[in-house]
Asks: 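After the structure tokens below, expect a handful of questions from me.
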Amino acid sequence: MQRCFFVVIAAALLAPRIGAANSTPELLYFNQPWTDTWRTYYNDDWSYVPGVVGFLGQDLTTTPGEDPQLLVGESTLPNDVDLMAAQTAPNSLGTGGVASFYLTDPVVALQ
């Protein structure tokens, strides 16, 4: 009797499971604590920021006024990854691109 009980339990554990899905959308949670300023300490280096890379987006289009939301390709130009790291004066930074600002409330910004 014990052997039969063990076989039934083993069979139940090894049986393939049938998955179920539905069409209910789920929110994806994303949170990047820019307060960890060491993550954006080096220019053009996003290797310490999981899931995030800043790009200049050079040469994605030559059409003036094109909707940037529709540009989903990658730049073919080398060195398109961009990060001006450890900036402290957002009011005087005139260079366009991606910058990390070490302020009271650290932030990454785009221009």
Side-chain angles (χ1 to χ4, degrees):
M1 184 71 168
Q2 285 180 322
R3 181 173 284 180
C4 181
F5 181 70
F6 176 74
V7 171
V8 170
I9 289 184
L13 292 175
L14 297 175
R17 306 228 188 260
I18 297 174
N22 61 41
S23 61
T24 304
E26 298 228 5
L27 295 176
L28 296 176
Y29 177 74
F30 177 77
N31 180 25
Q32 177 54 53
W34 299 116
T35 53
D36 296 339
T37 54
W38 62 269
R39 293 180 184 271
T40 56
Y41 186 74
Y42 300 102
N43 287 330
D44 302 331
D45 184 0
W46 290 92
S47 62
Y48 300 105
V49 186
V52 177
V53 178
F55 292 93
L56 289 173
Q58 305 174 87
D59 201 32
L60 289 178
T61 183
T62 56
T63 306
E66 189 165 356
D67 185 349
Q69 296 179 69
L70 300 177
L71 302 175
V72 294
E74 292 185 26
S75 173
T76 58
L77 298 178
N79 303 318
D80 197 47
V81 172
D82 187 41
L83 176 60
M84 294 174 282
Q87 302 296 310
T88 57
N91 293 338
S92 62
L93 183 65
T95 306
V98 184
S100 64
F101 290 98
Y102 290 8
L103 308 170
T104 304
D105 187 10
V107 67
V108 168
L110 309 172
Q111 178 184 19

Asks: Shared ILVMFWY cluster between Leu83 and Val107, side chains joined below 4.5 angstrom?
Replies: no
Asks: Applying a strict under-4.5 Å side-chain criterion to I, L, V, M, F, W and Y, I'd like to know whether Leu93 and Tyr102 cluster together.
Replies: no
Asks: Considering all heavy atoms of both residues, which atom of Phe101 and which atom of Ala109 are nearest to each other, and what is their separation?
Replies: CE1-CB, 3.9 Å
Asks: Under a 3.5 Å distance rule, please check whether Asp82 uses its side chain to pair with a backbone N or O of Val98 as donor and acceptor.
Replies: yes
Asks: Please determine whether residues Tyr48 and Tyr41 belong to a single hydrophobic cluster, defined as Ile, Leu, Val, Met, Phe, Trp and Tyr linked transitively by side-chain heavy-atom distances below 4.5 Å.
Replies: yes
Asks: Using every non-hydrogen atom in the two residues, find where Gln32 and Val49 come nearest and quote the distance to one decimal.
Replies: OE1-CG1, 3.6 Å
Asks: Could you tell me which non-hydrogen atom of Ala86 sits nearest to which non-hydrogen atom of Ser100, and how far apart they are?
Replies: N-OG, 3.0 Å
Asks: Tell me whether the count of non-hydrogen atoms from other residues, nucleotides or ligands lying under 6.0 Å of CG in Asp105 goes above 12.
Replies: no
Asks: Atom CG in Leu60, atom CG in Asp80: separation rounded to 0.5 Å?
Replies: 7.0 Å
Asks: Locate the shortest heavy-atom distance separating Gln58 from Ser75; write the atom from each residue and the value.
Replies: O-OG, 2.7 Å
Asks: Specify the closest pair of heavy atoms between Pro106 and Thr104, including all atoms of both residues, with the distance to one decimal.
Replies: CD-O, 3.5 Å
Asks: Is it possible for you to say whether Phe30 and Phe55 belong to one hydrophobic cluster, with membership spreading through side-chain heavy-atom contacts below 4.5 Å?
Replies: yes
Asks: Counting C-beta onward and ignoring hydrogens, is there a side-chain heavy-atom pair between Gln87 and Ser92 closer than 4.5 Å?
Replies: no
Asks: Students often mix this up, so state it plainly: with edges at 30° and 60°, are the rings of Trp46 and Trp34 parallel, tilted or perpendicular?
Replies: perpendicular
Asks: Could you tell me if the side chain of Val53 sits less than 4.5 Å from the side chain of Val81, heavy atoms only?
Replies: yes
